[in-house]
Engineer: 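First the structure, which I've put down as structure tokens, then a few questions once you've had a look.
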Amino acid sequence: MSASENGLNSLTSAAARGMRRGIEKESLRAHPDGALATTPHPAALGSPLTHAHITTDFSESQLELITGAHPSVDAMLKELTFIHQVVDRALTRDGRDEILWCASMPCQLPPDDEIPLGRYGSSNVGRAKTVYRMGLAHRYGRRMQTISGIHYNWSLPNVSNDQYFALVRNFRRNAWLLFYLFGASPAVCESFVKGNPNHRLQRLSGDTLHLPYATSLRMGRLGYQSDAQSSLSVSYNSLADYGASLYGALTTPYPAYEKIGLRDGSGEYRQLATSLLQIENEFYGKIRPKRRILPGERPLHALRERGVEYVEVRLMDLDPFSPIGITAQTCRLLDVFLLHCLLAESPPDSPAEIKSINRNQERVAARGREPGLKLSRNGAEVPLKEWGRELLAQCAPAAAKLDALLGSAAYRDAVQAAFSALEEPDSVPSARVLHAMQRNHGGSYVRFVLAESLLHRASLLATPLPPDIEDEFANLARASSAKQRQIEAQDRVDFETYRKNYLDPQKLRI
């Protein structure tokens, strides 16, 4: 009996019902003409520093909507819908007329230095968040940071550190399949690559560039990639190995970033630190082991001291055809895929395998729908479709088990839909995006996303928002603003003292 079969046989109804998932969804605010909205974060949404469900990511223009951890997909998406409704109402009052950009690759962008950084008030912790973003801007440019996506947070009861790291290794090996099935960013507005002569994209229309078989430009060379981080060989063989890899990147000065400097000539901060990673969040993994942190605690310390609590899947594009960016069927396929990765045999990774994994992901991101595309597996070239069929067949028993325990057929249907998408490349989101752009919008990426974004806004605004939910979010906004003021009033040290104390390497140890 295989490890996967043995694990499924021991999966109980209590464990299946104890599965938790939550979403963090990034979306740019844009004007109805398709240009980035550079206005401040709406006051009606409270403080992005302290609000539990509505904050900002890199830019002041980039909202992040956060659900709690839920026992069912439907409950999670219901909450995400409510958050969208609250946000859309705030973006269409007090003189505003803004939309949530419904695709991962950004809208029309202004010059790089006009993309606003997130602002979190005058407290030390708020200033640190802005200085960190300034560091990202100096290191990678602001355009790259405006790319948006969905993070899918997932856990199962009674899973050990070693089991979570086994899941992560298998996920990384097979993540290319999710690029193919759910990638939805085959094209970009030309403004995104302005000043970059090496983008290698093909022109589709006057304002749009693309790759004809791409699935996810967001996850390819133009997306969240870093030449500096590519030199970082992170091992996922154990918590100790992973922690050691990150510790070095967080504490060792990196020459190129030392040249940027900590401050400019006027004393303004340019970055939080000159190490390869300023803080843990800068590490651009496709999946990360995570642990909730205590106030002032470093994420790596929390992970080392209390272990892995959940995994964060970071490779999902926004689905521009969904009003909330993701569908229930997609979430259920992720549940099954993650459960399979947890239960299947997971040999240790190696530097050679990690290079192969990265090559496969780049291939599928740029050419995933190319007829006859092959990927590298154990030193041999294997057709993408053949490997994909094998993976989905291996996932099918996990779907059947979840359906049996939860009394549904929804997980089986999700796997069957994935099988169909594998056989019909024109049905996957990346292909549907290109077809819709060319059929209805003259090949224009901005016109396509703008039309979908306006439709989604109209739909969400027309859907009644329960009065108790509206009241709850109004109270959350007021409480978050009061909490920010309280934090600002409690600061007792200057920012430099705070920065040095927070970044003290001892805070990364256990």
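Nothing here was measured: the structure is a model prediction, and the numbers come from that model.
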Engineer: With a 4.5 Å limit on heavy-atom distance, are the side chains of Tyr445 and Cys189 in contact?
Structural biologist: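 The answer is yes, as the side chains (C-beta and beyond) meet within the 4.5 Å cut-off.
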
Engineer: Do Arg20's NZ or CZ and the ring of Trp154 fall within the cation-pi criteria of under 6.0 Å and 45°?
Structural biologist: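 Pair Arg20/Trp154 does not count as cation-pi.
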
Engineer: What are the two closest heavy atoms between Thr50 and Ile487, and how far apart are they?
Structural biologist: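 In this case the closest contact between Thr50 and Ile487 is CG2-CD1, 3.7 Å.
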
Engineer: Do Arg96 and Pro42 make a side-chain contact, defined as non-hydrogen atoms from C-beta onward lying under 4.5 Å apart?
Structural biologist: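 Counting from C-beta outward, Arg96 and Pro42 do come under 4.5 Å.
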
Engineer: Step by step, work out the side-chain contact (heavy atoms from CB on, under 4.5 Å) result for Ile23 and Glu79.
Structural biologist: CA-CA 10 Å; Ile23 279 176; Glu79 183 183 21; over 6 Å; no

Engineer: I'd like to know if Glu362 and Arg221 make a salt bridge, using a cut-off of under 4.0 Å between side-chain N and carboxylate O.
Structural biologist: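 Salt bridge: no.
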
Engineer: Could you go step by step and tell me if Val364 and Leu375 meet the side-chain contact (heavy atoms from CB on, under 4.5 Å) rule?
Structural biologist: CA-CA 8 Å; Val364 179; Leu375 304 177; 3.7 Å; yes

Engineer: Could you check whether Glu190 pairs with Arg203 (Lys NZ or Arg NE/NH1/NH2 to Asp/Glu carboxylate O, under 4.0 Å)?
Structural biologist: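 Counted as a salt bridge, because a side-chain N and a carboxylate O are separated by less than 4.0 Å.
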
Engineer: Please report the shortest heavy-atom distance between Leu434 and Ala187, naming the atom on each side.
Structural biologist: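 Distance-wise, the nearest heavy atoms are CD2-CB, 4.3 Å.
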
Engineer: Between Glu268 and Arg263, does any NZ, NE, NH1 or NH2 come within less than 4.0 Å of an OD or OE carboxylate oxygen?
Structural biologist: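 No, no charged N to carboxylate O under 4.0 Å.
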
Engineer: Is there a donor-acceptor pair under 3.5 Å between the side chain of Thr55 and the backbone N or O of Pro48?
Structural biologist: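 Indeed, once roles are kept as given, a pair shorter than 3.5 Å links the two residues.
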
Engineer: Any sub-3.5 Å donor-acceptor pair from Ser61's side-chain atoms to Ala37's backbone N or O?
Structural biologist: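 Side chain of Ser61 to backbone of Ala37, a donor-acceptor pair under 3.5 Å: yes, one is there.
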
Engineer: Please walk me through it: do Tyr213 and Ser430 pass side-chain hydrogen bond (donor to acceptor under 3.5 Å, both in side chains)?
Structural biologist: CA-CA 8 Å; Tyr213 297 113; Ser430 55; over 6 Å; no

Engineer: Under 4.0 Å between a Lys/Arg side-chain N and an Asp/Glu carboxylate O for Glu488 and Lys483?
Structural biologist: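 No, no charged N to carboxylate O under 4.0 Å.
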
Engineer: Using a 3.5 Å distance criterion without hydrogens, assess whether the side chain of Gln271 forms a donor-acceptor pair with backbone atoms of Gly261.
Structural biologist: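 Yes; at least one donor-acceptor contact below 3.5 Å.
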
Engineer: Over 60° means perpendicular and under 30° means parallel, so classify the ring planes of Tyr236 and Phe165, tilted if in between.
Structural biologist: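 Ring orientation, 0 to 90° scale: tilted.
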
Engineer: Any donor and acceptor pair, going by atom type alone, linking the side chain of Arg29 with main-chain N or O of Glu60 inside 3.5 Å?
Structural biologist: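 At least one qualifying donor-acceptor pair exists.
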
Engineer: Whether the side chain of Thr208 engages the backbone of Leu204 through a donor-acceptor N/O pair (distance < 3.5 Å, no angle test) should be reported.
Structural biologist: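 No.
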
Engineer: Is the side chain of His199 donor-acceptor paired with the backbone N or O of Leu201 at a distance under 3.5 Å, no angle test?
Structural biologist: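 Yes, the answer is positive, given that a donor and an acceptor are paired below the 3.5 Å cut-off.
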
Engineer: Applying salt bridge (Lys or Arg N to Asp or Glu O under 4.0 Å), run through Arg306 and Glu297 and close with a yes or a no.
Structural biologist: CA-CA 12 Å; Arg306 300 191 297 282; Glu297 186 180 29; 2.9 Å; yes

Engineer: Looking at Glu353 and Arg173, is any side-chain nitrogen of the basic one under 4.0 Å from a carboxylate oxygen of the acidic one?
Structural biologist: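 Between Glu353 and Arg173 there is a salt bridge, with a charged N closer than 4.0 Å to a carboxylate O.
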
Engineer: Any idea which heavy atoms bring Val428 and Leu181 closest together, and the distance?
Structural biologist: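 Taking Val428 first and Leu181 second, the nearest heavy atoms are CB-O, 4.2 Å.
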
Engineer: Taking CG in Asp494 as the centre, count heavy atoms belonging to other residues, nucleotides or ligands within less than 6.0 Å. Is the count above 12?
Structural biologist: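 Yes, CG of Asp494 has more than 12 neighbouring heavy atoms, counting only those of other groups under 6.0 Å.
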
Engineer: To the nearest 0.5 Å, what is the distance between CZ on Phe179 and CZ on Arg218?
Structural biologist: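 Nearest 0.5 Å value for the CZ-CZ distance: 8.5 Å.
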
Engineer: Look at the aromatic rings of Trp387 and Trp176 and report parallel, tilted or perpendicular, splitting at 30° and 60°.
Structural biologist: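 Answer is tilted, since the angle falls between 30° and 60°.
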
Engineer: Got a salt bridge between Glu312 and Arg288, using NZ or NE/NH1/NH2 to carboxylate O under 4.0 Å?
Structural biologist: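 A salt bridge links Glu312 with Arg288.
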
Engineer: Are Ser148 and Glu26 close enough that a side-chain donor and a side-chain acceptor fall under 3.5 Å?
Structural biologist: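 Ser148 vs Glu26: no donor-acceptor pair found between side chains.
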
Engineer: Does atom CG of Asn158 have more than 12 heavy-atom neighbours, drawn from other residues, nucleotides or ligands, at distances under 6.0 Å?
Structural biologist: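 12 or below, so no.
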
Engineer: Any salt bridge linking Asp349 with Arg172? Criterion: basic side-chain nitrogen under 4.0 Å from a carboxylate oxygen.
Structural biologist: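 Salt bridge: no.
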
Engineer: Above 12 or not: heavy atoms from other molecules or residues under 6.0 Å from CZ of Arg200?
Structural biologist: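 Atom CZ in Arg200 is not packed in, count stays at 12 or less.
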
Engineer: If only side-chain N and O atoms count, and only distance matters, is there a donor-acceptor pair under 3.5 Å linking Asn161 with Tyr242?
Structural biologist: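 The criterion, which ignores hydrogens and geometry beyond distance, is not satisfied for Asn161 and Tyr242.
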
Engineer: Check each of Val168, Asn153, Leu342, Val159 against Val311 using the side-chain contact (heavy atoms from CB on, under 4.5 Å) test, and report the only one that passes.
Structural biologist: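 Answer to the side-chain contact (heavy atoms from CB on, under 4.5 Å) test with Val311 among Val168, Asn153, Leu342, Val159: Val168.
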
Engineer: Before you tell me yes or no, could you show the steps for Leu343 and Leu167 under side-chain contact (heavy atoms from CB on, under 4.5 Å), namely the whole-Å CA-CA distance, both residues' side-chain angles and the distance that decides it to 0.1 Å?
Structural biologist: CA-CA 7 Å; Leu343 299 179; Leu167 180 164; over 6 Å; no

Engineer: If a pair satisfies salt bridge (charged side-chain N to carboxylate O under 4.0 Å, His left out) and one of its residues is in residues 136-145, list it, with sequence neighbours excluded.
Structural biologist: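 Residue pairs with at least one partner in residues 136-145: Asp112-Arg143, Arg139-Glu282.
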
Engineer: Going through the checks in order, is the side-chain hydrogen bond (donor to acceptor under 3.5 Å, both in side chains) test met by Gln145 and Ser59?
Structural biologist: CA-CA 8 Å; Gln145 304 295 324; Ser59 174; over 6 Å; no

Engineer: With distance as the sole test, does Arg367 use its side chain to make a donor-acceptor pair with the main-chain N or O of Ala214 at under 3.5 Å?
Structural biologist: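 Between the backbone of Ala214 and the side chain of Arg367 there is no qualifying donor-acceptor contact (under 3.5 Å).
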
Engineer: Would you sort out whether Ile260 and Thr274 count as a side-chain contact (heavy atoms from CB on, under 4.5 Å), showing the intermediate values?
Structural biologist: CA-CA 8 Å; Ile260 292 173; Thr274 59; over 6 Å; no

Engineer: For the residue pair Tyr257 and Tyr140, does the interplanar ring angle fall in the parallel (under 30°), tilted (30 to 60°) or perpendicular (over 60°) class?
Structural biologist: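 Taking Tyr140 first and then Tyr257, their aromatic rings stand perpendicular (interplane angle over 60°).
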
Engineer: Please check if any side-chain donor atom of Ser216 sits under 3.5 Å from a side-chain acceptor atom of Asp317, or the reverse.
Structural biologist: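 Their side chains do contain a donor-acceptor pair, which is all the 3.5 Å distance test asks for.
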
Engineer: Ring of Tyr310, cation from Lys290 - is the NZ or CZ under 6.0 Å from the centre and inside 45° of the axis?
Structural biologist: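 The answer is no; the distance or angle limit is not met.
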
Engineer: Any side-chain to backbone donor/acceptor pair from Arg457 onto Glu98? Under 3.5 Å, distance only.
Structural biologist: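 Judged by distance alone, yes, a pair lies under 3.5 Å.
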
Engineer: Determine, for Asp491 against Arg127, whether the closest basic-nitrogen to carboxylate-oxygen distance falls under 4.0 angstrom.
Structural biologist: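 Result for this pair is no, no salt bridge flagged.
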
Engineer: So which atom in Ala344 and which in Asn170 form the shortest heavy-atom distance, rounded to 0.1 Å?
Structural biologist: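 Between these two residues, the closest heavy atoms are O-ND2, 3.4 Å.
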
Engineer: Which heavy-atom pair separates Asn237 from Pro348 by the least distance, and what is that distance?
Structural biologist: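 In terms of heavy atoms, the two residues are closest at OD1-CA, 3.2 Å.
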
Engineer: So, does Arg270 use its side chain to make a donor-acceptor pair with the main chain of Met134 at under 3.5 Å?
Structural biologist: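 Pair absent, no side-chain N/O of Arg270 close to backbone of Met134.
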
Engineer: Show your working on side-chain hydrogen bond (donor to acceptor under 3.5 Å, both in side chains) between Ser444 and Asp207 and close with a plain yes or no.
Structural biologist: CA-CA 6 Å; Ser444 170; Asp207 66 353; 3.0 Å; yes

Engineer: Do Pro212 and Gln202 have side chains that get closer than 4.5 Å, going by heavy atoms?
Structural biologist: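 In short, these two side chains touch, coming nearer than 4.5 Å.
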
Engineer: Ring centres under 6.0 Å, that's the criterion: do Tyr269 and Phe495 meet it?
Structural biologist: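 Between Phe495 and Tyr269, which both carry aromatic rings, the centre distance is below 6.0 Å.
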
Engineer: Working to the nearest 0.5 Å, report the span between CG of Leu300 and CZ of Phe283.
Structural biologist: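 Here the rounded value is 11.5 Å.
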
Engineer: Taking the side chain as every heavy atom from C-beta outward, state whether Tyr284 and Arg314 have any atom pair closer than 4.5 Å.
Structural biologist: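 When only atoms from C-beta onward are counted, Arg314 and Tyr284 do touch, with a gap below 4.5 Å.
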
Engineer: Under the 3.5 angstrom rule, does the side chain of Ser481 hit a backbone N or O of Ala477 as a donor-acceptor pair?
Structural biologist: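 The answer is yes, because a donor-acceptor pair under 3.5 Å joins these two groups.
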
Engineer: Does anything in residues 501-510 pair up under side chain to side chain donor-acceptor pair (under 3.5 Å), and if so which pairs, sequence neighbours excluded?
Structural biologist: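 Every pair satisfying side chain to side chain donor-acceptor pair (under 3.5 Å) with a residue in residues 501-510: Tyr247-Arg509.
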
Engineer: If you apply the rule salt bridge (Lys or Arg N to Asp or Glu O under 4.0 Å), what do you find for Lys25 with Glu64, and how did you get there?
Structural biologist: CA-CA 5 Å; Lys25 175 186 181 271; Glu64 183 174 350; over 6 Å; no

